[in-house]
Amino acid sequence: MNRYLMLNAWLLALLIAVPVSAQEARYGAGVFFNRSVPVLGFHDRYSASQVYGAVLDYQVSSRATMEFEYHHLTMDDGKIEGLAFTWPIDKQKYLSPDANSRFNLNSFLINALAYLNTRKSGSDLQLLPYIAVGAGFYDYQDRITGLIYPGQKEEPLNADLMLDDREDEHTALGANVGLGMTVVQGRFGLDIRGRYHMILGDLRPMEAWDLPGVFPIAMFDFRTAFKLYW
């Protein structure tokens, strides 16, 4: 709870520090859809997946916007489901036919958008390229079930003896940086963005399957958002 209060206090101080008149202030809200691609060690665990979320905007000035973001991601069918382990007793490889893995992520972020062009009032079509930088909290759960226990000592291997279910669940700080383009006409906007996320969280190693631990959790996403301004 203290971390959320500190983040809100930081945001409030930033908004107060930037002068803006009532005529310049504008708000926006929208929904977006992402394609998220794991990178680095996270790529060894999961494949690309869909993301959805919502944003609220506050236009600080004609060149800057604060964005409050929530998004949800689910990655099913992790790569460990198709990996075999080598049993040291007979040196043979074994798949776990009942293996199942899932990664869930809920993120609460505050992003700053710095436009390279000046945003103007009116209903004319505007193309606004920008740089985006953000930070916030990433709450994730990584659950793996149905793996055959690889530490058995007697032959033959008992495929019904399972490893205990594993679940990594953490709330971690993280940051993102990206480039985007907002297309605005009147009250409507289309926002396209590519960005990189780095989450200061980890996933435990799975040595029998030759999967090292993951830190940080990193991914690219490619986002399309539809916004309404007032």
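We number each residue from 1, following the sequence as shown. Please read all numbers here as calculations on a predicted model, not as lab measurements.
Residues M66 and A112 approach most closely at SD-CB, 4.2 Å, considering heavy atoms. The two residues E155 and I89 have their closest heavy-atom pair at CG-CG2, 3.3 Å. In terms of heavy atoms, F42 sits closest to A218 at CD2-O, 3.5 Å. Considering every non-hydrogen atom in both M219 and P38, the closest pair reads CB-CA, 4.0 Å. Nearest approach of Y138 to G136, heavy atoms of both residues: CD1-O, 3.9 Å. The heavy-atom pair separating L95 from A84 by the smallest distance is CD2-N, 3.7 Å.
Between R195 and E67 there is no salt bridge, since no side-chain N of the basic residue sits under 4.0 Å from a carboxylate O of the acidic one. Using a cut-off of 4.0 Å between Lys/Arg side-chain N and Asp/Glu carboxylate O, K79 and D44 are scored as not salt-bridged.
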Residue pair T171, D139: steps toward the side-chain hydrogen bond (donor to acceptor under 3.5 Å, both in side chains) verdict: CA-CA 4 Å; T171 299; D139 182 78; 2.5 Å; yes

side-chain contact (heavy atoms from CB on, under 4.5 Å) assessment of I217 paired with L105: CA-CA 11 Å; I217 298 171; L105 176 70; over 6 Å; no

side-chain contact (heavy atoms from CB on, under 4.5 Å) between F103 and T74, intermediate numbers included: CA-CA 6 Å; F103 183 87; T74 296; over 6 Å; no

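Separation of the Y70 and F108 ring centroids falls under the 6.0 Å cut-off.
Summarising the geometry, atom CE belonging to M181 is positioned 8.0 Å from atom CG belonging to N117; distances are rounded to the nearest 0.5 Å. A distance of 8.0 Å separates CD of Q185 from CG of D124, quoted to the nearest 0.5 Å. Interatomic distance, CG of L109 versus CZ of F68, reported as 11.5 Å (0.5 Å rounding). Considering CZ of R102 and CD of E81, their distance stands at 10.5 Å, rounded to 0.5 Å. Here the CG atom belonging to D76 is positioned 7.5 Å from the CG atom belonging to N104, to the nearest 0.5 angstrom. With values rounded to the nearest 0.5 angstrom, F85 atom CZ is found 10.5 Å from K93 atom NZ.
In this structure, Y46 and S101 have side chains that are in contact, with non-hydrogen atoms separated by less than 4.5 Å. Considering only heavy atoms from C-beta on, T145 stays 4.5 Å or farther from E167 through its side chain. The shortest side-chain heavy-atom distance between F137 and L173 falls under the 4.5 Å cut-off. Between F33 and T224 there is no side-chain heavy-atom pair separated by less than 4.5 Å. Side-chain atoms of L179 and P129, non-hydrogen and from C-beta on, never get closer than 4.5 Å to each other. Between Q50 and R35, some side-chain heavy-atom pair lies under the 4.5 Å cut-off. Between R193 and L113, the closest side-chain pair of non-hydrogen atoms falls below 4.5 Å. When side chains are defined from C-beta on, S36 does not count as touching H197, because their heavy atoms never get closer than 4.5 Å.
F220 and L40 fall within the same hydrophobic cluster, where Ile, Leu, Val, Met, Phe, Trp and Tyr residues are linked whenever their side-chain heavy atoms come under 4.5 Å apart, directly or through other members. Neither F222 nor V51 shares a network with the other; the hydrophobic side chains, linked directly or stepwise wherever heavy atoms of I, L, V, M, F, W or Y lie under 4.5 Å apart, form separate groups for each. Side-chain heavy atoms closer than 4.5 Å link hydrophobic residues (I, L, V, M, F, W, Y) into clusters, and following such links, possibly through other members, connects Y149 to Y94. In the hydrophobic cluster analysis, where Ile, Leu, Val, Met, Phe, Trp and Tyr join through side-chain heavy atoms closer than 4.5 angstrom, L128 is grouped apart from L56. Placement of I144 and L161 within a single hydrophobic cluster is found when ILVMFWY residues are connected by side-chain heavy-atom separations under 4.5 Å, directly or transitively.
Taking the six-membered ring for Trp and thresholds of 30 and 60 degrees, Y58 and Y27 have ring planes inclined between 30 and 60 degrees apart.
With hydrogens and angles disregarded, a donor-acceptor distance shorter than 3.5 Å links the side chain of S96 to the backbone of I148.
Alongside F32, the hydrophobic cluster contains V55 (criterion: ILVMFWY side chains under 4.5 Å).
Geometrically, R119 engages Y229 in a cation-pi contact, judged by NZ or CZ lying under 6.0 Å from the ring centre and within 45° of the ring axis.
Screening N176, T65, V177, V133 against N111 for a side chain to side chain contact (heavy atoms under 4.5 Å, CB included) leaves a single residue, N176.
For M162, the CE atom sits in a packed shell: over 12 heavy atoms of surrounding residues, nucleotides or ligands are nearer than 6.0 Å. The 12-atom threshold is exceeded at NE2 of H170, counting heavy atoms of other residues, nucleotides or ligands nearer than 6.0 Å.
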If you look only at distance, which donor and acceptor atoms sit under 3.5 Å apart when one is on a side chain in residues 199-212 and the other is two or more places apart or in another chain?
| unit_1 | atom_1 | unit_2 | atom_2 | d |
| --- | --- | --- | --- | --- |
| R204 | NE | D168 | OD1 | 2.8 |
| R204 | NH2 | D168 | OD1 | 3.4 |

